[in-house]
Student: 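Right, I'll just put the structure down here and ask away after.
Basis for what follows: all heavy atoms, side chains included, without hydrogens, waters or symmetry-related copies. Predicted model, so just to flag it, every value in this text is computed and none were measured. The sequence lines fix the lettering, A, B, ..., with proteins before strands; numbering per chain opens at 1.
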4 protein chains.
Amino acid sequence: MARDDGEHEGPAPRGRPLSTETERAILDATTELLAERGLAAMTIEEVAARAHVGKASVYRRWPSKGTLAFDAFVTDFLDRQPVPDTGDLRADLLELLRGWTRVVRRPATGRTLKGLIAEVQRDPELAGGWRERFIAPMRASHMAVLERAIARGQLAPGANTGLIMDLLYGPAYHRLLHGHLPLNGAFVEDVVAAVMAAIEAGAL
Amino acid sequence: MARDDGEHEGPAPRGRPLSTETERAILDATTELLAERGLAAMTIEEVAARAHVGKASVYRRWPSKGTLAFDAFVTDFLDRQPVPDTGDLRADLLELLRGWTRVVRRPATGRTLKGLIAEVQRDPELAGGWRERFIAPMRASHMAVLERAIARGQLAPGANTGLIMDLLYGPAYHRLLHGHLPLNGAFVEDVVAAVMAAIEAGAL
Amino acid sequence: MARDDGEHEGPAPRGRPLSTETERAILDATTELLAERGLAAMTIEEVAARAHVGKASVYRRWPSKGTLAFDAFVTDFLDRQPVPDTGDLRADLLELLRGWTRVVRRPATGRTLKGLIAEVQRDPELAGGWRERFIAPMRASHMAVLERAIARGQLAPGANTGLIMDLLYGPAYHRLLHGHLPLNGAFVEDVVAAVMAAIEAGAL
Amino acid sequence: MARDDGEHEGPAPRGRPLSTETERAILDATTELLAERGLAAMTIEEVAARAHVGKASVYRRWPSKGTLAFDAFVTDFLDRQPVPDTGDLRADLLELLRGWTRVVRRPATGRTLKGLIAEVQRDPELAGGWRERFIAPMRASHMAVLERAIARGQLAPGANTGLIMDLLYGPAYHRLLHGHLPLNGAFVEDVVAAVMAAIEAGAL
DNA sequence: TCGTAACCGAGACGGTACGTCTGGTCTTTTT
DNA sequence: AAAAAGACCAGACGTACCGTCTCGGTTACGA
């Protein structure tokens, strides 16, 4: 989202390189503040002060509050997502959605995820990175699950995989953002049951 | 979100009453600015200037940008939602979701809805009003559709109606907010087909 | 300063007459607030609230904070000024200046007088009334003292009476406003001694 | 009034130092607006806009409108005051008072001086600075004149110098603030004549 | 080994919008 | 028609952050 991490050389990196210590301090301060107050109430001034760092050192690395919060949040979040491969589609889907709700039910994590989704709506610059570095990896990981199911013959080769994933995660994000109903175990099981029923009926 | 509109008298309304003209001017200016720039880029100063109104007259009625935008948006949006009663559940669900996507695909409306959902995540004060005055009326209207289906025998009396609605609208909000896939007619038909399949399989 | 108090009829007093009770309540509240916080920190809103009176009832009578404070202050102040007639110029001048300093040393009075002088500098509308209803009566009363001295032969008929009064009161207001030196009894005696010396030397 | 200008080092000036250009721009804009509208009608917003400067840059240096106006006014005003040394007390006093009236009769200067005196009455914070940085330097300069007169034997060593200065300037400020009589050449000569008469009679 | 480019923390810069306050006026109902 | 109450428009207040720039100083390359 922030740096390009181009791996093919570059022309020649003159001058003092960016300090990894400074970067760590900024990300740690961001994580703390995200947990303490949430993204909306966090300011870059406060991040810099907390990290004992100049504001310019933050802006040198991240162009906006959203990209910074994104970097502080996303690796950790993605690492916590399960990558199930039980040999059974229903079990895999259950594990996927259970893993997601487990992580998201932690107050700081759920709040930050909601805050980031909010920020993405407000900042078009952020939206591209969000799709590429959050939505896309999530979906890629999910697609692998579905492709294994196709390979096993549990899912038709022409199945509408995009929609299956939206039927699985859409209701979950819906409840996360609007809070009208709980994100509990029963919810997970019912969603998976419905999706599996639709798949088995050939509707997906 | 702002006023309680209690209709049983009150003790005696002393002093000059709030002017409905002023209120209209503020809401109209808000609607215009919401369409022109979106919620995030709209400022209360600009609303007041556009409405030829003092800032205090805005703050007297609405405590925050979110509540103001909410009031300017929500009545109109809810009025545009279909209230289908075709006698057939599948047809009703199709009309519900088609009506929603039709309204939400209008750029100004979609943008404002996304902005409001974002704002709700940032302002806990707003969240209660949002659930009560937006989410709840929407769901009540949807529930009526499902209850008619139960009365007709097209849906089991113990059906998980909350989940049915989340399976219908969850994927739609998901695509609206993340933009990873389109909100077109095929999407609507496929979602309804999947939900109907799950219902008919007894999974909901 | 505020009302014209025209004593020759007026055209015909239609409608409800201004309530003297209301006027008293406003003036009393003004006097209190003047003593509590000073003129600068007093607001018309606060006066109206304290007097249990609408703001319009204040503005109906007085066009500005200055005129209101003036009316609350000036009668009382002028009433407290001595009108000496001892038969001796020196003794009369001593009593004049002593009377003035005695009143002005009371903290609330001194503060209000300073505040009114300040207000007069800021509000040109007030300046005329100030000269006519405060400065002029004061000077008229002083002139009577000097004229009696002329009649007695203690002062030359062509004496520069305006300057004599400025030499008497100028230093006093100077110390009141700038606070660089005290307004005590020695000051009064020394000023009068100097002025009398100048008079006796024929310089005034 | 604003900065302490301590000249002995300080511990180490971290961060970007205050820009003298910005300070000049603010003071110049203040001087202009003081002349155009007077202190009471001047706003800090307008000063900032006129100086092409953020409001924070004004507030960083001066806590109030009064201190800002003071700094913009006082150096210039003091520089315009005469420092007479003719060898004759009467001539020195004449030059002092003539210089003061000459400067104060310029409309912008007189209005600003009146406005500042008014402001000093309204803002106790300002009063200390006013005495230290305006009243005290003026009086110090005047005292030098009187001390030279003492050294020359034109004034008794125990003369009440404070009172002499109040007799000279008190009437002048009195007429400036109340406008009841003019500040012309005759006034200056008459005041000096009276003060000299009192001195020569041994009354001061 | 030295020059220099880019970094560092600190904090001022020009801006914008905030939410509050007061001024003076206007609009209610009540007396 | 004047009363009390309080909303009206207007706009300055002082604060908080924004994202950029400047300061004195440091670090690590490459000439």
Student: For side chain to side chain contact (heavy atoms under 4.5 Å, CB included), just list the numbers for B:I26 and B:W62, CA-CA rounded to whole Å, side-chain angles, deciding distance to a tenth of an Å, and then say yes or no.
Tutor: CA-CA 10 Å; B:I26 295 170; B:W62 295 278; 3.6 Å; yes

Student: Please determine whether a side-chain nitrogen or oxygen atom of D:S19 lies at a distance below 4.0 Å from atom OP1 or OP2 of E:dA12.
Tutor: no

Student: If the cut-off is 4.0 Å, is C:R61 near the phosphate of F:dA3, judged by side-chain N/O to OP1 or OP2?
Tutor: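 It does, given that an N or O in the side chain of C:R61 lies less than 4.0 Å from OP1 or OP2 of F:dA3.
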
Student: Below the 4.0 Å mark, does E:dT22 have OP1 or OP2 next to a side-chain nitrogen or oxygen of C:T43?
Tutor: no

Student: Could a donor-acceptor pair under 3.5 angstrom be found where the side chain of D:K55 meets the base of F:dG14?
Tutor: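 Looking at the base of F:dG14, it does pair with a donor or acceptor on the side chain of D:K55 (distance under 3.5 Å).
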
Student: Is there a side-chain polar atom (N or O) of B:S57 under 4.0 Å from OP1 or OP2 of F:dA7?
Tutor: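 Result: no.
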
Student: Calculate the interatomic distance between D:E45 atom CD and F:dG14 atom P; express it in whole Å.
Tutor: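 For the pair D:E45 CD and F:dG14 P, the rounded distance is 10 Å.
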
Student: Whole Å only: how far is the CG atom of D:L18 from the P atom of E:dG11?
Tutor: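 Nearest whole value for this atom pair: 12 Å.
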
Student: If you check the A:R16 side chain, which of F:dC21, E:dA6, E:dC18 turns out closest?
Tutor: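 Side chain of A:R16 sits closest to E:dA6.
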
Student: So A:W130 and A:F70, would you call those rings parallel, tilted or perpendicular, with 30° and 60° as cut-offs?
Tutor: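 Because their plane-to-plane angle is over 60°, the rings of A:W130 and A:F70 count as perpendicular.
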
Student: If you look at every heavy atom in B:R61 and B:S19, which pair is closest and at what distance?
Tutor: NH2-O, 3.1 Å

Student: Closer to the 5' end of DNA chain F via nearest nucleotide, is it A:I44 or B:A48?
Tutor: B:A48

Student: Does a side-chain N or O from C:T22 land closer than 4.0 Å to OP1 or OP2 of F:dA4, or not?
Tutor: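 Checking C:T22 against F:dA4: at least one side-chain N or O falls below 4.0 Å of OP1 or OP2.
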
Student: Closest nucleotide of DNA chain F for D:S64 versus for B:H52: which of these residues is on the 5' side?
Tutor: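 In this pair, the answer is B:H52.
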
Student: Would you indicate, yes or no, if E:dG3 has its OP1 or OP2 atom less than 4.0 angstrom from a side-chain nitrogen or oxygen of A:R14?
Tutor: no

Student: Tell me which nucleotide among F:dC21, E:dC7, E:dG15 gets nearest to the side chain of D:A56.
Tutor: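 The answer is E:dG15, which lies nearest to the side chain.
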
